[in-house]
Amino acid sequence: MGLSSIDWVIMAVYFAFVLGIGAALKRYMKTSTDFFLAGRSIPAWVCGLAFISANLGAQEVIGMGASGAKYGLATSHFYWIGAIPAMVFVGIFMMPFYYGSRARSVPEYLRLRFDEKTRGLNAISFALMTVFSSGISMYAMAKLIQILHVLDGPFRHLGIPQTWIFHTGIVVSALVVLSYIYLGGLTSAIYNEVLQFFLIVAGFAPLVWLGMKNVGGWSGLKASLDPSYTHSWVGMADPHTNRLGVEWFGLTMGLGFVLSFGYWCTDFLVIQRAMAADSMVSARRTPLIAAVPKILLPFLVILPGLIAIALPTQVAPPLATYQNTGRAVPLGRGLVPVKVDPTNNQPILDQHGNPQLDYDLAVPNLLLHYFPTGLLGLGLTALLASFMSGMAGNVTAFNTVWTHDIYEAYIRPNAGDSHYLMVGRLATVFGIALSIGAAYLTTRFNNIMDMLQLVFAFVNAPLFATFLLGMFWKRTTGHGAFFGLLSGTIAAAVHHGLTMPQGSVASIKGGWLAVVHIYPSEMAQNFWTAIFAWVICFVVTILVSLMTRAPDESHLVGLVYSLTKRVQKDDLPWYQKPVFLGGAVLVATVLLNVIFR
């Protein structure tokens, strides 16, 4: 399908603004603090929108739509129990430690609280995680360009194979993000993320409205789908109707506690936005301001997936005979097609011979289905914006951690501020290069959210146990934190290597050591991987801490809750105070869980 001139103009204007912001801010990037932490001068509302937009990347917009099509309304758990409580916790309890310590990154806080080896271990694992997350955004962007077929004509005219459209999408998108981060650093990323947030809302709100109108509203959507698709809690105890395949404990412990708190409370990608705030009060309010739109995002990013799967199947031809099964099966469901192996153009089957649906195409196909000329350009720009925000967030986090926590700490200390500014810019270049490799690894998954949660289970889950003990138990030692983190990560790897989701084969999705347990879904496997990682890290950290010498309490002031002065009272009106904002969003979250249970 080709785009009209107005569609191209809308996208061109967006790219001009993105690159223009980076160019305009270049002259302000005089120190490493300007480049890595935006000079700690950004207002709370800007940091709040950037906080949520950095998480609202392509993996969120496309991945949550894909999970909506695959798991139904139960995907809302990623927001209402998998985000909001943790965002309130980090705003009220943890930001005083981060911001007050004047640490430049989360790994640097670990050095201040524990020791150098703990910082080094987290810095390396976090750098790898940002590369994978950025690669997921690249993959989503390139796949979007490929599925729209807008470059088919030019490539055909030039005699270039159509398969190179995917590769071109990865390279071009990488160059755009590289340009404005290299020029304007974190400040450029933050202001672009604010712009991208409003673009995403403007592009997806009409999509949801048109889709819901077409299927007959909420009642029509429920009538078109199996009941398991339209409830978040009902049926959780029944394995036949539980689409997530996760029981109550696995969901609340794995997602609601370990993964959610592990991400929102320790992931430098989002914490970096709050650390750029102009004051302690602004830093505390940043995640609480972000929590307000976060409550409503399921209606913007999950509903499109449900709509896509509820529509009549429109993939042609409707049936095909697979070479290795000899039986005719549907080539998709609704607007979601079957995942095709690009090497032989054959549908990819699971171990039972059933076709795997390509859920990542639910949202792009819905855009093509509903949006006319002009509005299609706006919708595609919204997807481009989601890609930019997700990738840029990971890139800015990567270049900061690489420069301060790896290069400065172990390769060339005391080199001078201008030198580290240069290194940060160079880190932006090779960080994006590594992300390109991760993008090709993502092709092995049919739902990018599954891969993302797996990465979080390895990195964030054990890290949260370390932070929880370190901030609230002054007896925690550096040796305990290091060996706890290491043990938790190893436990995640062992659990993943011994388990496998139903319908998969032993590979990157698990079972690469042996298969001792099969989970009903990839998400269930991810949640339990996180649980094992957190528990092992928590236990090992306590045991090793008790066997090693307690740290000097004079070095822990401002880093441990019991040894830190309470945050001073501010002059904000009562309705703007962090505690009130946090309580309000928690009440709203409970009500939404009751309404859509």
Side-chain angles (χ1 to χ4, degrees), residues 3-25 42 45-65 134 137-138 140-145 148 150 169 172-173 176-177 179-181 184 186-211 270 273 289-290 292-294 296-305 363-364 366-368 370-396:
L3 299 180
S4 67
S5 57
I6 185 63
D7 295 321
W8 286 111
V9 167
I10 292 173
M11 286 189 283
V13 169
Y14 165 71
F15 279 111
F17 267 99
V18 165
L19 296 175
I21 290 174
L25 291 171
I42 308 298
W45 73 270
V46 175
C47 289
L49 291 181
F51 191 94
I52 190 65
S53 188
N55 176 253
L56 194 60
Q59 60 259 47
E60 176 104 357
V61 174
I62 294 182
M64 285 300 178
S134 181
S137 292
M138 273 190 183
M141 185 68 254
K143 194 168 186 178
L144 172 66
I145 294 174
L148 295 178
V150 293
V172 171
S173 59
V176 172
V177 173
S179 299
Y180 77 79
I181 297 299
L186 179 63
T187 308
S188 177
I190 286 177
Y191 280 104
N192 269 307
E193 284 160 2
V194 174
L195 169 65
Q196 289 151 4
F197 172 80
F198 289 111
L199 274 174
I200 291 169
V201 173
F204 278 80
L207 180 67
V208 173
W209 184 81
L210 288 172
V270 290
R273 273 70 191 152
I289 292 172
V292 176
K294 187 72 174 179
L296 304 176
L297 281 180
F299 304 108
L300 201 65
V301 298
I302 294 177
L303 275 183
V363 172
L366 199 68
L367 282 172
L368 293 175
Y370 280 121
F371 276 3
T373 297
L375 199 56
L376 178 60
L378 179 62
L380 295 180
T381 303
L383 281 181
L384 292 173
S386 72
F387 153 75
M388 297 295 178
S389 63
M391 185 176 174
N394 283 286
V395 170
T396 54

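Values reported hereafter were calculated over all heavy atoms of this structure, with side chains retained and with hydrogens, waters and symmetry mates removed.
- Interatomic distance, Ile10 CD1 to Leu375 CG, rounded to the nearest 0.5 Å: 8.0 Å.
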- Query: What do the steps show when you test Leu297 against Ile52 for side-chain contact (heavy atoms from CB on, under 4.5 Å), and what is the final call?
  - Reply: CA-CA 10 Å; Leu297 281 180; Ile52 190 65; 4.2 Å; yes
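- Under the side chain to side chain donor-acceptor pair (under 3.5 Å) criterion, the residue pairs touching residues 11-24 are Tyr14-Gln196, with sequence neighbours excluded.
- Taking the side chain as every heavy atom from C-beta outward, Ile289 and Phe51 never approach each other to under 4.5 Å.
- Take Val201 and apply the side-chain contact (heavy atoms from CB on, under 4.5 Å) test, not counting sequence neighbours, and it matches Phe197, Leu300.
- Side-chain contact between Leu210 and Phe371 is present, with heavy atoms from C-beta onward closer than 4.5 Å.
- The structure places OH of Tyr370 at 11.5 Å from CH2 of Trp209, a figure rounded to the nearest 0.5 Å.
- The CD1 atom of Ile190 lies 14.0 Å from the CG atom of Leu195; values are rounded to the nearest 0.5 Å.
- Residues satisfying the side-chain contact (heavy atoms from CB on, under 4.5 Å) test with Val208, not counting sequence neighbours, are Met212, Leu303, Pro304.
- The two residues Ile181 and Ala189 have their closest heavy-atom pair at CD1-CB, 3.6 Å.
- Taken from CE in Met11 to CG in Leu378, the straight-line distance is 10.5 Å, to the nearest 0.5 Å.
- We find the CG-CG distance between Leu207 and Leu366 to be 4.5 Å, quoted to the nearest 0.5 Å.
- The salt bridge (charged side-chain N to carboxylate O under 4.0 Å, His left out) contacts involving residues 188-209 comprise Glu193-Arg273, where partners must be two or more places apart or lie in separate chains.
- Between Leu25 and Gly184, the closest heavy-atom pair is CB-CA, 4.2 Å.
- Minimum heavy-atom separation, Pro206 to Ala202: CD-O, 3.0 Å.
- Partners of Ser179 under the side-chain contact (heavy atoms from CB on, under 4.5 Å) rule, at least two apart in sequence or in another chain, are Leu19.
- Under the side-chain contact (heavy atoms from CB on, under 4.5 Å) criterion, Val13 pairs with Val9, Phe17, sequence neighbours left out.
- Here the closest non-hydrogen pair linking Val395 and Ser134 is CG2-OG, 4.0 Å.
- Remark: the backbone N or O of Tyr180 is paired with a side-chain donor or acceptor of Ser188 at under 3.5 angstrom.
- When all heavy atoms of Gly377 and Asp7 are compared, the pair lying nearest together is N-OD1, 2.8 Å.
- Here the shortest heavy-atom pairing between Ala382 and Gly203 reads CB-CA, 3.9 Å.
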